[in-house]
Amino acid sequence: MQASQEDVSAAKPADGDVQNDEDRPPPGFGESSDAVKDIARQLESTVKVNEGETVDEPDLSLKSAGLREQPEAEITTKTEGDSIYAAAQKFEDLPLSPELLKGLYVEMGFKQPSKIQASTLPMILTPPYRDLIAQAHNGSGKTTCFVLSMLSRVDPSVPFPQALCICPTRELVVQNLNVLRRMAKFTTISSTSTATELEDGGIRRTPIKEQVVVGTHGKLKNWVTKRLLALENVAILVFDEADEMLKADAFADDSVRLINQLRKKNPKVQLLLFSATFNDEMKRFAMSIARQANQVFVAKEKLSLDVIAQYNVRCPDRTAKTRVLKEIIFPNCDRLGQTIIFVRTREAARTLHAEMDRDGYKCTSISGEKAPEDRDRVVQEFRDGTTKVLISTDVLSRGFDVSQVTLVINYDVPIERDGRSPAYETYLHRIGRSGRFGRKGAAFNLMSTAQDMEVMARISSYFNKPIAELKWDDEDQFIEVLNKTL
DNA sequence: AAAAAAC
């Protein structure tokens, strides 16, 4: 069942693609290349000062950006048409405005592009602005790729929406908008999101003027039908967690409709599909939607992260799972950094939280049944470190980035909505919530039924990743493992 | 039966 992948490192024969007027580089490129070099020189000194401040780390280049890197050979790249793309060694090699470069170096503290950034950014930012399907490991710097791409394709003098980013959850919208605003700090580019409405206090009634819009489908669709969001000037459309956004039983209908609407208004709109996971089915579907797209893929066997230690915990029953939390996890909380406990249903999130609360174990919980303002508050407290343990449904399984999370507990092993099949992608995304920012992480999979064990066995073989087993009532063993890995 | 969201 292995998908055969074309490995094309060199350019393919010409396909008759001619550059035209609309294919000119974005503002800030070309005419200002000297200015770019100037600011790069100015910034060099700033960067060196920063380097001196963190002397204990010998290799800063990747750690400082909080990125995970993978060997070149594990990534398959396929370029379309006659375009040749040179990997960007430095951000200065890319057509970025001085203001954006400053944002990268000064505000974000980045030093050089990560692998995925070095290979995809030239593909994205070089005319004729082809579509891109890009897969890269959790924490490898995908957000920077598409945020930078959106910002660099906006013309600051045009006061209309020009870049759109669609995400599966409210939390991801908030997170991506925050990254975008930081990166845009030295530009005049405006931005908003579907989650920003609460701050504005009330329902939106005036058309959106902001140049970048980040959002979830429901409200975005509402804005479009009410003509509050004009699509005419949108030049770039990004799907974060793209395989999820194109899933048949989920967001596919809304996503495809939006793509079609946009292409009708502007046939040249650039489509970017980013995710850490694309199974064969989603890969095919993505390619059928973005036919001329450049592609970057990672084999699934290379996807499971070695920086995250994974253990199966065989429990006699569901009660024993709770005892693991109470007797082993919570008592060691302070040393652990932060913990996310994933459960399958909203009800499980609610009841487990209630039980832990009743017995004096301090934690919070989040799921789609909570009010948006409650969700915002719970997430903010967790980000602040006020709360150490968070119980969550899969609302946070993808993309949620809190650097202090070292431990992920799969209280319920991830299964598909049929209630039986292993949810391979969900597993990978869940455990990827730990070990952020170049830190280590651990994941415990609590199993109590034969089905649980079957599911974990299949997940383990799918990713070709052996998972060791821990005894559920042996605290010393847990401690030993935690001390070793964290 | 997770997730987005709505007048």
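Predicted, not measured: the structure shown is a model, and the values here were computed from it. What's counted below: heavy atoms across the whole structure, side chains too, no hydrogens, waters or symmetry copies. Order of the sequence lines fixes the chain letters, A, B, ..., with proteins taken first and strands second; residue numbering starts at 1 for each chain.
The side chain of A/Arg375 contributes an N or O atom lying less than 4.0 Å from OP1 or OP2 of B/dA4. At least one side-chain nitrogen or oxygen of A/Thr216 sits closer than 4.0 Å to the OP1 or OP2 atom of B/dA5. Taking 4.0 angstrom as the limit, A/Lys226 places a side-chain polar atom (N or O) nearer than this to OP1 or OP2 of B/dC7. Contact annotation: A/Lys219 side-chain N/O to B/dA6 OP1/OP2 distance is under 4.0 Å.
Whole-Å rounding puts the A/Ile166 CD1 to B/dA4 C1' distance at 12 Å. Between the P atom of B/dA1 and the CZ atom of A/Arg350 lies a distance of 12 Å, rounded to the nearest Å. Atom CG of A/Asp376 and atom C1' of B/dA4 are 14 Å apart (whole Å). Between the P atom of B/dA5 and the CZ atom of A/Arg257 lies a distance of 16 Å, rounded to the nearest Å. Atoms CD (A/Glu369) and P (B/dA1) sit 14 Å apart, rounded to a whole Å. Between the CG atom of A/Asp254 and the C1' atom of B/dA6 there is a distance of 12 Å, rounded to whole Å. Going from atom CD1 of A/Ile366 over to atom P of B/dA2 covers 15 Å, rounded to whole Å. Across the protein-nucleic acid pair, A/Lys221 atom NZ and B/dC7 atom C1' stand 13 Å apart, rounded to whole Å.
A donor-acceptor pair under 3.5 Å is formed between the side chain of A/Ser460 and the backbone N or O of A/Lys465. A/Thr387 places no side-chain N or O within donor-acceptor distance of the main-chain N or O of A/Val389, the cut-off being under 3.5 Å. Proximity of a side-chain donor or acceptor of A/Lys370 to a complementary backbone N or O of A/Ser365 within less than 3.5 Å is detected.
Residue A/Glu281 places its CD atom among 12 or fewer non-hydrogen atoms of other residues, nucleotides or ligands, all under 6.0 Å distant.
Residue contacts shown for A/Glu244 include a base, since a base heavy atom lies under 4.0 Å away. Residue contacts shown for A/Ser367 are limited to sugar-phosphate atoms, with no base heavy atom under 4.0 Å away.
Listed nucleotides B/dA2, B/dA5, B/dC7 differ in distance to A/Asn222; the shortest reach to its side chain belongs to B/dC7.
In terms of the salt bridge (Lys or Arg N to Asp or Glu O under 4.0 Å) criterion, A/Lys440 has no residue partners (sequence neighbours excluded).
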